[in-house]
Amino acid sequence: MSFEIPPSIRIHPRDTVAVALRPLSAGERVAGENGNGVILREDVGQGHKFALADIAAGDTVVKYGQPIGRAKQAIPAGSHVHVHNVETALAGELAYSPHLGQREGPAAPKGGHPTWRGYLRADGRAATRNEIWILPTVGCVGMTAEQVAREAQARHGDLIAAGKVDGIHAFAHPHGCSQLGDDLDGTRALLAGLAASPNAAGVLLLGLGCESNQLDALVGAVPVWARSTLRMLSSQSAGNEIAEAGRLVDELVAEAARAERSELPLSALTIGLKCGGSDGFSGLTANPLLGRLSETISEAGGKAILTEIPEIFGAEQALLDRATSRAVFEAAAGLVNRFKRYYLDQGLPVSENPSPGNIAGGITTLEEKSLGAVQKAGTAPLADVIDYGGQASVPGVTLLEAPGNDAVSSTALAASGATLVLFTTGRGTPLGFPVPTVKVASNRRLSEAKPHWIDFDASIALDQGQGAADAAFLQAICDFASGTPTASERAGQRAIAVWKRGVTL
């Protein structure tokens with residue numbers, strides 16, 4: 001079944017703006033308030049907004065049924081609504097009130113959901129890939145780690161081709177030395193979280209020897225249940241560190257090759273939720289698509305991890321209202337205000353967003369961006385809050401401490417137990433991360449222009465309906481979880497980024 005796509009959409013009955021679903025020209029008549037037509041006063045780009053009725057200077061501009069900013073000047077009906085005539089209303093920290101009807105956690109897992117084929121680890125967690133990872137403790141041995149991985153890939157090409165091992169990867173980074181206090185602790189927590197990933201059947205922690213991020217301390221930060229798959233090597237203490245590292249990797253490969261995929265329930269899946277390079281369609285198609293999937297996975301007893309804390313500023317109350325307990329509410333509210341304080345302490349406004357690409361795509365204020373971004377979690381219950389590098393362990397939505405930066409937040413999702421990262425985008429990006437990164441386009445133009453970047457086109461919800469889009473997406477996610485390579489995996493796009501804070505010595 002297909003549907004005729006209108007020229008514009010009013011998302012919520014309270015909205016004072018509509019969104020152009022295609023480029024619109026001055027003089028066109030489009031739907032307005034109460035079904036009345038509005039004649040556009042100027043061209044409006046795809047994904048951009050126009051006023052449905054006259055908006056007075058100082059009045060609140062409403063999208064998604066929520067305020068997205070204030071009019072800086074009078075905005076006549078039919079006018080383009082964007083950064084030239086709307087400003088943010090965000091300020092600093094807020095005192096949040098818990099919702100009296102707080103949500104309970106996910107109900108007992110229900111049947112009827114599709115299954116997928118993954119690797120069930122000894123600790124009971126499930127993996128979407130069976131890989132060997134080499135994690136350098138410090139940037140000084142990053143290139144050494146990459147050399148060890150390349151040589152091991154060549155030695156074990158037959159096992160990789162046969163699907164016994166899905167890959168051998170090194171994740172270089174420039175940190176691990178000249179760091180102090182919380183900054184060093186954050187780097188260590190992130191690497192320890194990656195070392196515990198279910199997707200890593202074996203991990204070589206490769207040190208230099210004199211770095212701040214010492215091997216013993218790093219191993220101590222790895223959860224006890226994940227340490228049996230670790231090997232460690234200090235390069236300064238080794239003879240030929242390349243040969244010794246290669247021998248340790250060979251041991252890990254031999255152990256990993258014994259694992260086999262088996263049929264697993266949807267409840268065994270842990271997804272990371274991410275958006276990057278958003279546009280005006282992200283909150284209409286791609287992010288709601290992830291939200292409905294998050295609801296399905298949470299209902300099944302699975303886990304969804306939401307992060308990018310600065311990109312929920314202005315939309316946090318809707319998320320806080322879904323907290324499953326007073327303790328979860330207070331932890332989430334505290335995390336949001338702590339991030340705002342992080343900005344304010346640097347002399348920066350909390351509204352220092354959207355990015356130039358977001359603005360070009362039609363997003364005007366951080367409130368608008370945030371209201372679209374939080375839709376990735378749907379209406380699933382907010383069940384837990386964890387620190388950077390922490391592990392998601394509770395069914396439902398977990399809120400993870402991390403900034404909005406694509407590479408930093410996606411890496412943090414992988415380190416917190418996500419075995420797939422679902423990454424929505426309206427502008428596009430080729431980069432992938434340690435776990436399979438599923439790129440979801442918000443608009444057809446991007447999907448058709450960049451098929452080597454994009455894994456799923458969420459715009460089918462506009463012309464085929466939400467039901468068809470949801471069914472196709474759920475099947476695609478099960479396929480990717482079962483071993484189908486994502487576009488970034490096929491391109492060899494794998495990277496990590498560490499959240500750098502504080503002083504560098």
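In this chain, numbering begins with 1 at the start of the sequence shown. Here the structure is a predicted model, which is why all the values come from computation and not from measurement.
- Between the E295 side chain and the T379 main chain, a donor and an acceptor come within less than 3.5 Å of each other.
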Query raised in the report: So D479 and S482, side chain to side chain donor-acceptor pair (under 3.5 Å) or not? Walk me through it.
Result: CA-CA 5 Å; D479 290 343; S482 300; 5.6 Å; no
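- No side-chain donor-acceptor contact under 3.5 Å links R427 to the backbone of L446.
- For the pair I68/T364, no side-chain contact is recorded, criterion being any heavy-atom separation below 4.5 Å from C-beta on.
- The local environment of CG in D182 is sparse, with at most 12 non-hydrogen atoms from other residues, nucleotides or ligands closer than 6.0 Å.
- Shown here for F480 and P485, the closest heavy-atom pair between the two residues is CE2-O, 3.7 Å.
- For the pair R501 and W499, the distance from NZ or CZ to the six-membered ring centre is under 6.0 Å and the angle to the ring normal is within 45 degrees.
- In this structure, T229 contributes its side chain and A226 its backbone to a donor-acceptor pair below 3.5 Å.
- Looking at N213 and T187, their side chains never bring a donor and an acceptor atom within 3.5 Å of each other.
- Although no hydrogens or angles enter the test, the distance criterion places no donor-acceptor pair under 3.5 Å between the side chain of D387 and the main chain of G390.
- A donor-acceptor pair under 3.5 Å is absent between the side-chain atoms of N358 and the main chain of I363, judged by distance alone.
- The distance from atom CH2 of W453 to atom CD of Q493, rounded to the nearest 0.5 Å, is 9.0 Å.
- Taking every heavy atom of both residues into account, A497 and T411 meet most closely at N-OG1, 3.0 Å.
- Scanning both residues, A458 and V440, for their nearest heavy atoms gives CB-CG1, 3.8 Å.
- In this structure, the separation between OH on Y119 and OG on S262 is 10.0 Å, given to the nearest 0.5 Å.
- By the 30° and 60° cut-offs, the orientation of the rings of H175 relative to H173 is parallel.
- Although no hydrogens or angles enter the test, the distance criterion places a donor-acceptor pair under 3.5 Å between the side chain of N287 and the main chain of G372.
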Report task. Verify salt bridge (charged side-chain N to carboxylate O under 4.0 Å, His left out) between E308 and K369, making sure each step is shown before the conclusion. Result -> CA-CA 12 Å; E308 304 177 278; K369 184 174 182 178; over 6 Å; no
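- When all heavy atoms are compared, the tightest approach of G396 to A383 is CA-CB, 4.4 Å.
- Annotation: the span from S294 atom OG to L306 atom CG amounts to 8.0 Å, rounded to 0.5 Å.
- At a threshold of 4.0 Å, the pair D345-R338 does not count as salt-bridged, since none of the basic side-chain nitrogens sits closer than that to a carboxylate oxygen.
- K450 places no side-chain N or O within 3.5 Å of a backbone atom of S447 that could act as its donor or acceptor partner.
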Requested in this report: Would you please test K439 and T429 for side-chain contact (heavy atoms from CB on, under 4.5 Å) and show each step?
Outcome: CA-CA 8 Å; K439 298 291 177 59; T429 176; 3.8 Å; yes
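- Distance alone, capped at 3.5 Å, places no donor-acceptor pair between the R129 side chain and the P434 backbone.
- Each of D279, T425, T285 was scored for a side-chain hydrogen bond (donor to acceptor under 3.5 Å, both in side chains) with S442, with one residue passing: D279.
- Proximity of I132 to V203: side-chain heavy atoms (C-beta onward) are nowhere separated by under 4.5 Å.
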Report task. Kindly indicate, with the supporting measurements, whether the criterion side chain to side chain donor-acceptor pair (under 3.5 Å) is fulfilled by Q179 and D183. Result -> CA-CA 6 Å; Q179 292 180 277; D183 186 33; 3.1 Å; yes
Report task. Might you work through the side-chain contact (heavy atoms from CB on, under 4.5 Å) test for Q391 and R125, ending with a clear yes or no? Result -> CA-CA 12 Å; Q391 297 292 303; R125 297 179 305 155; 4.0 Å; yes
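- Using a 4.5 Å heavy-atom threshold, the side chains of L284 and L21 count as touching.
- Here CG of D457 is found 10.0 Å from CG of L289. Values are rounded to the nearest 0.5 Å.
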Requested in this report: Decide yes or no on side-chain contact (heavy atoms from CB on, under 4.5 Å) for V19 and F50, but give the supporting numbers first.
Outcome: CA-CA 7 Å; V19 180; F50 60 88; over 6 Å; no
Requested in this report: Just do the salt bridge (charged side-chain N to carboxylate O under 4.0 Å, His left out) check on K63 and D15 with the steps written out, would you?
Outcome: CA-CA 5 Å; K63 182 182 175 185; D15 289 357; over 6 Å; no
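- The shortest side-chain heavy-atom distance between I477 and V438 falls under the 4.5 Å cut-off.
- When only modelled atom types and interatomic distance are considered, E401 and T307 share no side-chain donor-acceptor pair under 3.5 Å.
- Taking both residues in full, the closest heavy atoms of S416 and I305 are given as O-CD1, 3.7 Å, listed atom of the first, atom of the second, then distance.
- R121 has no carboxylate O lying under 4.0 Å from a charged side-chain N of D123, or vice versa, which leaves the two without a salt bridge.
- Between atom CG of residue L180 and atom OG1 of residue T504 there is a gap of 8.5 Å, rounded to the nearest 0.5 Å.
- A salt bridge does not link R70 to E367: none of the charged side-chain nitrogens sits closer than 4.0 Å to a carboxylate oxygen.
- The side-chain heavy atoms of V435 and T128, taken from C-beta on, include no pair separated by under 4.5 Å.
- Counting non-hydrogen atoms of other residues, nucleotides and ligands closer than 6.0 Å to CZ of R444 gives a total above 12.
- For the pair E260 and R117, the salt-bridge criterion is not met [side-chain N within less than 4.0 Å of a carboxylate O].
- The closest donor-acceptor contact from the side chain of T296 to the backbone of R292 lies under 3.5 Å.
- Rounded to the nearest 0.5 angstrom, L422 CG and S410 OG are separated by 10.5 Å.
- Put simply, the side chain of C478 reaches to within 4.5 Å of the side chain of P114, judged on heavy atoms.
- Between E87 and K72, none of the side-chain N atoms (NZ, or NE/NH1/NH2) sits under 4.0 Å from a carboxylate O, so this pair counts as no salt bridge.
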**Report entry** side-chain contact (heavy atoms from CB on, under 4.5 Å) between F423 and D406, worked out
**Finding:** CA-CA 9 Å; F423 190 118; D406 289 352; 3.6 Å; yes
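- No donor-acceptor pair closer than 3.5 Å links the side chain of R10 to the backbone N or O of L52.
- Side-chain contact annotation: T424 with K274, donor-acceptor N/O pair under 3.5 Å absent.
- In this structure, V385 and V328 have side chains that are in contact, with non-hydrogen atoms separated by less than 4.5 Å.
- Between L420 and A481, the shortest heavy-atom contact is CD1-CB, 4.0 Å.
- Using a 4.5 Å heavy-atom cutoff, the side chains of P288 and K376 are not in contact.
- Classification of the Y343-F313 ring pair by plane angle, with boundaries at 30° and 60°, yields perpendicular.
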